[in-house]
Amino acid sequence: MKRLVDNFTKYRFLLVELVKKDIKLKYRSSVLGFLWTMLEPLLTMIVLTIVFENMFERKIPNFPVYVLCGRLLYSYFSNGTKLALKSIRRNSSMIRKVYVPKYMYPLASALSGYITFLISLIVLVVVGIVQDVKPTWYLLQAVFPLATILVMTVGLGFILATLDVFFRDMEYLWGVLLMLIMYMSAIFYDPTNLLATPKGIIIRLNPLYGIITNFRNAIFGEPMNVKYFAYTASLSVIMLVVGVIMFYRKQDKFVLYV
Amino acid sequence: MDKNTVLKVDNVSVRFNLTDEKVDSAKEYLIKFLKRELRYKEFWALRNVSFDIKRGQRVGILGLNGAGKSTLLKVIAGVLKATEGKVVTKGRIVPLLELGAGFDKQYTGAENIYLYGAMLGYPKSFLKEKFDEIVEFSELGNFINVPLKNYSSGMKARLGFSIATIVEPDILILDEVLSVGDAKFRKKSEKKIKDMFDKGITVLFVSHSLAQVRSLCDRAVILEKGQVIAQGDSKTVCDLYQEKLNK
């Protein structure tokens, strides 16, 4: 344990550097650069609002804010896990040549995504003000879903990164699974009717739906759904534990497969 | 472990599994797995290798291609884990292998100093303090603010060498004598290594060249097919190796 802490202290600057690198290089060659962190969700929101407000009958109040909450959380989850999944293979040349603690790579991927995600929340604030969503004390409860999604992304990141070293197919499989998760997260529709039917179980089981719902509750000033929180939080802790154990057990083999 | 021992290679073996036949698809893999037909050819790159290095010794590792020299260095540097046995080290090891393996080509030279430095485990404050010294030694001048993708390979090697050698290591690992950059820089880098030698640091030096081992090392080890076949003082071992080559 002490060795682990010492090793982390020695290399914590590397973690900072890797996170910085991910963020810096993501937008380096584009003209608008870092602005895209905010512009991209804003434009997606506009498109989704135009499409869904005009083409579908049922109206959701404050649709732009509603869709933005779901979309921001989902895209962090999807980008973070995808980046972490490929992190070991992407850094294979380093893994084969220099010793660094390997968990730094998936961890840095999940963290750099989280930082850009937190910055992109500014868009939500702006849109919320424009749409006249009044902040309440419930807003503070947003920390719970925000913490849950981080733990879940880090945990899944470890699991996926480990699997991907041995099965390259993981990348594609995960892409398909992510699509399923997206449609089952009620990002741009109101799931109330669906939840009343037996099919609603798929949505309830989807941890991302619970996280998004609790985040929306915080934004729209409604109390937290404790059941969803308990479910998503415990699931993400389990994923983290499983991920860490899997990664730890297999990490010495990575160098032979990447 | 003896107080003066800084590196102890204790009965190290490394096994690689080479697949006998190619398994291309998941289906094939599954079938073979279920029928227990997944066979691997075992290959021992190192077998029961043991030696230790005391403080201030300069040890040369001799061996032909495929003798296991690189594998041994990887195990010592911590990149590869030994299948059996272990390596114990004391103090800071600087492997001057694969200089600049952690470079990012989109990053500028300056940014890469921090990235690569972090990868070698140096703290930020230290890198800040040594930044000018690194830039100066690398002779990159204004190129330090240019993305690495525009560097020549010599420039990359110069930067890598300058970062890696900014600390005084306790153990220096060298794979062949470095030939970095142009003649002028090569001279400079050789001098820097020579200075470290003169200060009495511990050196592990891997080479094909008998002449270099003779002149630089006081001890030597011969590896053949992953096993240590001789070790002792440099002169005796080199003579032995010479004999083997002549055969």
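Sequence lines set the chain letters: A, B, ... in the order given, protein chains first and strands last, and positions in each chain run from 1. Quick caveat: nothing in here was measured; it's all calculated off a predicted structure.
- Remark: B/Tyr151 engages no residue in a ring-ring contact (aromatic ring centres under 6.0 Å, His included) (not counting sequence neighbours).
- Residues satisfying the salt bridge (Lys or Arg N to Asp or Glu O under 4.0 Å) test with B/Asp170, not counting sequence neighbours, are none.
- Scanning all heavy atoms of the two residues, the minimum distance from B/Met119 to A/Val98 falls at O-CG1, 4.2 Å.
- Only the side chain of A/Val100 comes within less than 4.5 Å of a heavy atom in chain B; its backbone stays farther off.
- Summarising the local packing, CZ of A/Phe247 is surrounded by more than 12 heavy atoms from other residues, nucleotides or ligands at distances under 6.0 Å.
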Which donor-acceptor pairs lie under 3.5 Å between chain B and chain A?
from, atom 1, to, atom 2, distance (Å)
B/Asp104, OD2, A/Lys21, NZ, 3.3
B/Gln106, O, A/Arg28, NH1, 3.4
B/Tyr107, OH, A/Lys21, N, 3.4
B/Glu111, OE1, A/Arg28, NH1, 3.1
B/Glu111, OE2, A/Lys24, NZ, 2.9
B/Glu111, OE2, A/Arg28, NH2, 2.8

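- Comparing B/Ala118, B/Gly117, B/Gly121 by heavy-atom pairs within less than 4.5 Å of chain A, the highest count is held by B/Ala118.
- A search for side-chain contact (heavy atoms from CB on, under 4.5 Å) contacts involving A/Val237 returns A/Val241, not counting sequence neighbours.
- Note: A/Ile95 CD1 to B/Leu80 CG = 12.5 Å, rounded to the nearest 0.5 Å.
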